[in-house]
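Here's the structure, in structure tokens; my notes come after.
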There are 2 protein chains.
Amino acid sequence: MNNQFQNTIGLVIYPDMFQLDITGSHQVFSLMPNTSVLLLWKSLEPVVSNGGLTILPNTTFDHCPQLDVLCVPGGSFGTVQMMEDREMLTFLQKHGETAKYVTAVCTGSLMLAAAGLLRGYRAASHWAFREQLELMEAQVSTERVVVDRNRITGGGVTAGIDFALTIAGMLCGEDTAKLMELMLEYNPSPPFGVGSPEKAGAELVQAVKNVGASLIAASYDASKKAASRIN
Amino acid sequence: MNNQFQNTIGLVIYPDMFQLDITGSHQVFSLMPNTSVLLLWKSLEPVVSNGGLTILPNTTFDHCPQLDVLCVPGGSFGTVQMMEDREMLTFLQKHGETAKYVTAVCTGSLMLAAAGLLRGYRAASHWAFREQLELMEAQVSTERVVVDRNRITGGGVTAGIDFALTIAGMLCGEDTAKLMELMLEYNPSPPFGVGSPEKAGAELVQAVKNVGASLIAASYDASKKAASRIN
């Protein structure tokens, strides 16, 4: 067995993230051969996600090596906070310059954009937040996974699985990625078939926007502020 | 706001589990109104999943209240070990008697079966392990999510999301579950379309079985032993 890691993947975590953005990706990446998967945060203290699942980081920002893949998950108000967090933005900018692929899932793309890393790139985000990318000079895409040069972004929460399998195909080849897709039995069957705004219809879309109104508003403000900083 | 929890969901965790079995479910359950989601293990020490993601339990087996939903994830050799772990089996039997729903994702169903909780029930499991359920007197189903009376089981790894949304519909009503499906943007698009044995074809199926050969064999042995215990 070859113990030399060919790929180093850094998953950034932070308080109040949506854990499935990153755990979906992690489960895929952890099956990749010769790959080291880092869970990155400012300290090694436990990180509590939105919903209460608590994950342990294994590498601090200060000790992060050069990455092949930099990946940022989305979340709730913690994401808004991170869009204005100098330490986080500096970390993303530093590793965004050198990583082979600069990537995000869900509203994690707003954090990349706030760090100035999506200017001129097509990108995806959670459907209720995606127009905010435009404020920060990214081009909004409605694809589930968007690959634009070395920027790779996925849509909302559950898109982390599609996203990570796409990256696995790019890093390890399609044969290996197919093996992983079958191992993970990724043969989804959404019970209600309403997982996109188009499928859900106007009434359900509005209901979700109502539930998330204060978060969407706070995120919009943070996006506007970030836009004035990066321009 | 009503602070009284209407539902208490207990997600059992253990070393070497596939974390996405449980994190996919957790992300769904954590969005349910008036619901407490427990992460249950023997102690409060961090639990390291297969692939290295480390999760903190929040409730010990000894302090677990009566559950509305008992849920068990699958995993690698840790699962085989748990199929013979007296403390785990006793815990599952105790709460399996009183929980409103007794559930599992992936090879977690083998653990339920080993505890004698699937005798005479239809159940799902990861496709490469599902025949083993028969040894323990469950009826194998190839559905992604199987509801048979109060036993609810999901297929491999990624099925945890479909599974949890199905349960959310049963506990909170279809309107709430639809809201959650759209919030989570569960609009999957598997990049390779090979997530089931039928879709993947014989060659890829054999390749996955080869990679998992020692695990499948160890699990088969544990299932045979469990069968002789529960009969």
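These numbers come from the heavy atoms of this one structure, side chains and all, not from hydrogens, waters or symmetry mates. Per chain, numbering begins at 1; letters A, B, ... match sequence-line order.
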Which portion of [X] sits near chain A, non-hydrogen atoms under 4.5 angstrom:
{"X": "B:P190", "result": "both"}
{"X": "B:A128", "result": "neither"}
{"X": "B:I161", "result": "side chain"}
{"X": "B:V205", "result": "both"}
{"X": "B:V208", "result": "both"}
{"X": "B:A200", "result": "side chain"}

Heavy atoms only, distances under 4.5 angstrom: which of [options] has the most pairs with chain B? Name it, please.
{"options": "A:C106, A:S189, A:S30", "value": "A:S189"}
{"options": "A:P191, A:P46, A:G169", "value": "A:P191"}
{"options": "A:P57, A:A207, A:G195, A:G156", "value": "A:G195"}
{"options": "A:V37, A:I22, A:I55", "value": "A:I55"}

Roughly how far, to the nearest 0.5 Å, is [atom2] of [Y] from [atom1] of [X]?
{"X": "B:T23", "Y": "A:D21", "atom1": "OG1", "atom2": "CG", "answer": "11.0 Å"}
{"X": "A:I13", "Y": "B:L53", "atom1": "CD1", "atom2": "CG", "answer": "8.0 Å"}
{"X": "B:K199", "Y": "A:E181", "atom1": "NZ", "atom2": "CD", "answer": "9.0 Å"}

Quick check for you: among [options], which has the greatest number of heavy-atom pairs under 4.5 Å with chain A?
{"options": "B:V145, B:T166, B:T54", "answer": "B:T54"}
{"options": "B:G51, B:P188, B:G193, B:G212", "answer": "B:P188"}
{"options": "B:N50, B:L184, B:N187", "answer": "B:N187"}

Original post:
Would you say B:E185's side chain and A:A159's backbone share a donor-acceptor pair under 3.5 angstrom?
Top reply: no

Original post:
Counting distance only, does the side-chain N/O of B:H126 pair as donor-acceptor with the main-chain N or O of A:M183 below 3.5 Å?
Top reply: yes

Original post:
Are B:L179 and A:V194 close enough, and set up right, to give a side-chain contact (heavy atoms from CB on, under 4.5 Å), and what steps lead you there?
Top reply: CA-CA 8 Å; B:L179 204 75; A:V194 294; over 6 Å; no

Original post:
A:F192 versus B:L182: any side-chain heavy-atom pair under 4.5 Å?
Top reply: no

